[in-house]
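Chain letters run A, B, ... following the sequence lines, proteins first, then strands; residues in each count from 1.
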There are 2 protein chains.
Amino acid sequence: MLGALAPLVGYHLRRALSAFSADFTAAMEGTGLRQVPLAVLAIVQANPGINQGAAGRMLGIKRANMVALINDLVEKGLIDRVVDVSDRRAFSLTVTKAGIAALADAMARIEAHENRMLDELSMAERALLLDLLGRIERRSPAGDGDENGDA
Amino acid sequence: MLGALAPLVGYHLRRALSAFSADFTAAMEGTGLRQVPLAVLAIVQANPGINQGAAGRMLGIKRANMVALINDLVEKGLIDRVVDVSDRRAFSLTVTKAGIAALADAMARIEAHENRMLDELSMAERALLLDLLGRIERRSPAGDGDENGDA
DNA sequence: TATTGTTATACTCTATAACTATA
DNA sequence: TATAGTTATAGAGTATAACAATA
């Protein structure tokens with residue numbers, strides 16, 4: 001059936017993420033938040049005052065692609081963006097009150113979504129999966145997010 | 001650091017696949033094959049005579065998006081496409097001799113790539129990861145690939 | 001009527017290059 | 001000279017809708 005693909009972790013990673021993404025999108029319907037913006041929101045909440053570049057680097061998002069992402073979150077009133085007093089090139093990002101509420105709602109939906117996707121796995125297996133994935137992630141080439149997008 | 005994202009399997013799945021994809025792309029450089037076309041080639045090899053729609057369904061690719069994919073593989077001389085004698089609407093797909101060679105080369109590269117990405121995991125852990133991912137995949141909504149793209 | 005393949009099209013995600021303002 | 005943010009743009013990948021030929 002699957003032939004040469006059957007034993008490939010990369011292939012199954014792709015298919016598993018595809019299943020996750022479809023259910024995630026359904027779970028978030030009506031919130032106006034998708035995967036990437038939600039991740040940005042969560043990172044800003046966990047790191048108040050962080051700037052766009054640093055947030056992007058943590059998530060593997062290029063500087064150029066952060067702009068529209070942050071604009072959107074600011075327009076939605078979920079993130080505050082003020083010039084950083086210690087480096088006037090940068091913006092200091094924080095989650096607004098509405099952002100905190102949106103994140104709380106999203107996380108409740110996501111918890112249900114994760115339980116749905118993982119309901120065949122025991123708690124020990126879920127922890128093991130997180131551990132295994134974490135050890136793969138750390139093999140990312142340094143300089144994921146950006147680094148030096150210019151010539 | 002990661003805040004609310006830290007315990008989410010979906011987030012780590014995404015990051016792990018991102019690391020895999022970057023290394024996969026590097027490993028396949030110069031072959032002219034990327035993730036999706038390679039998967040199609042492998043499926044056709046494992047299922048000689050399969051048609052586009054069925055191959056797409058197995059991989060979660062829509063009918064409409066299979067067209068350019070197959071055109072490309074045929075132009076490259078990796079796949080043969082002939083009208084199916086038992087259903088003249090469909091094409092019967094098979095891998096050419098050049099396709100078999102391309103697939104063999106690709107699989108050697110991919111084996112090295114997988115070993116690189118998984119070198120922190122024991123063989124038992126790799127098998128376990130495949131099992132866990134497989135159990136997640138099977139939660140895909142029925143009707144992934146296509147079904148009824150029309151109105 | 002349903003299905004195979006097709007075209008046209010649009011939206012998201014991601015990537016590069018060049019620019020500005022600060023440092 | 002390097003960095004933060006910006007703009008413009010291009011390429012994948014994926015989604016829908018409508019059509020012709022065949023079943």
Of the options dG13(D), dG5(D), dT6(C), whose atoms approach the side-chain atoms of Ala64(B) most closely?
dT6(C)
Interatomic distance, Arg14(B) CZ vs dT12(C) C1' [rounded to whole Å]:
11 Å
Does Ser92(A) offer a backbone N or O that forms a donor-acceptor pair with the side chain of Asp84(A) under 3.5 Å?
no
With no hydrogens and no angle check, do the side chains of Arg57(A) and Asn51(A) hold a donor and an acceptor under 3.5 Å apart?
no
When you compare the protein's N or O atoms with those of nucleotides 21-23 of chain C, which come within less than 3.5 Å of each other, and at what distance?
residue : atom : partner  : partner atom : Å
dT22(C) : O2   : Arg89(A) : NH1          : 3.4
dA23(C) : OP1  : Arg88(A) : N            : 2.9
dA23(C) : OP2  : Arg88(A) : NH1          : 3.3

For atom CD of Gln35(A) and atom P of dT14(D), their distance in whole Å
13 Å
Are more than 12 heavy atoms, taken from residues, nucleotides or ligands other than Glu120(B), located less than 6.0 Å from that residue's CD atom?
yes
Rounded interatomic separation in angstrom, taking CG from Leu69(B) and P from dA12(D):
12 Å
Return the nearest nucleotide to the side chain of Lys62(B); candidates are dA15(D), dT14(C), dT4(C).
dA15(D)
Nearest-0.5 Å distance that lies between atom CD1 in Ile136(A) and atom CG in Leu132(A)
7.0 Å
Specify the residue among Asn71(B) and Ala90(B) whose closest nucleotide of DNA chain C lies further upstream toward the 5′ end.
Ala90(B)
In this structure, how many angstroms lie between the P atom of dT12(C) and the CZ atom of Phe24(A), rounded?
15 Å
Tell me: CG of Leu33(A) to P of dC13(C), nearest whole Å?
12 Å
In whole angstroms, the gap separating P of dA12(D) from CD1 of Ile61(B) amounts to 15 Å
So which nucleotide from dT6(D), dT6(C), dA12(D) ends up closest to the side chain of Arg81(B)?
dT6(C)
Out of dT6(C), dT6(D), dG13(D), which has the shortest distance to the side chain of Arg63(B)?
dT6(C)
Hey, which of these two, Ile70(A) or Val36(B), hits DNA chain D nearer its 5' end, going by closest nucleotide?
Ile70(A)
Integer-rounded Å distance: dA12(D) P and Met28(B) CE
15 Å
Can you tell me if Arg34(B) uses its side chain to pair, donor with acceptor, with the backbone of Phe24(B) under 3.5 Å?
no
Side-chain N,O (Gln52(B)) to OP1/OP2 (dT6(C)) below 4.0 Å:
yes
Any donor-acceptor N/O pair, Glu114(B) side chain to Gly10(A) backbone, under 3.5 Å
yes
Distance, rounded to the nearest Å, where Leu17(A) contributes CG and dT12(C) contributes P
18 Å
Whichever of Gly53(B) and Asn65(B) has its nearest DNA chain C nucleotide further upstream toward 5'
Gly53(B)
Indicate, with a heavy-atom threshold strictly under 4.0 Å, whether Asn51(A) touches base, sugar-phosphate, or nothing.
sugar-phosphate
Can you tell me if Ser21(B) uses its side chain to pair, donor with acceptor, with the backbone of Leu17(B) under 3.5 Å?
yes
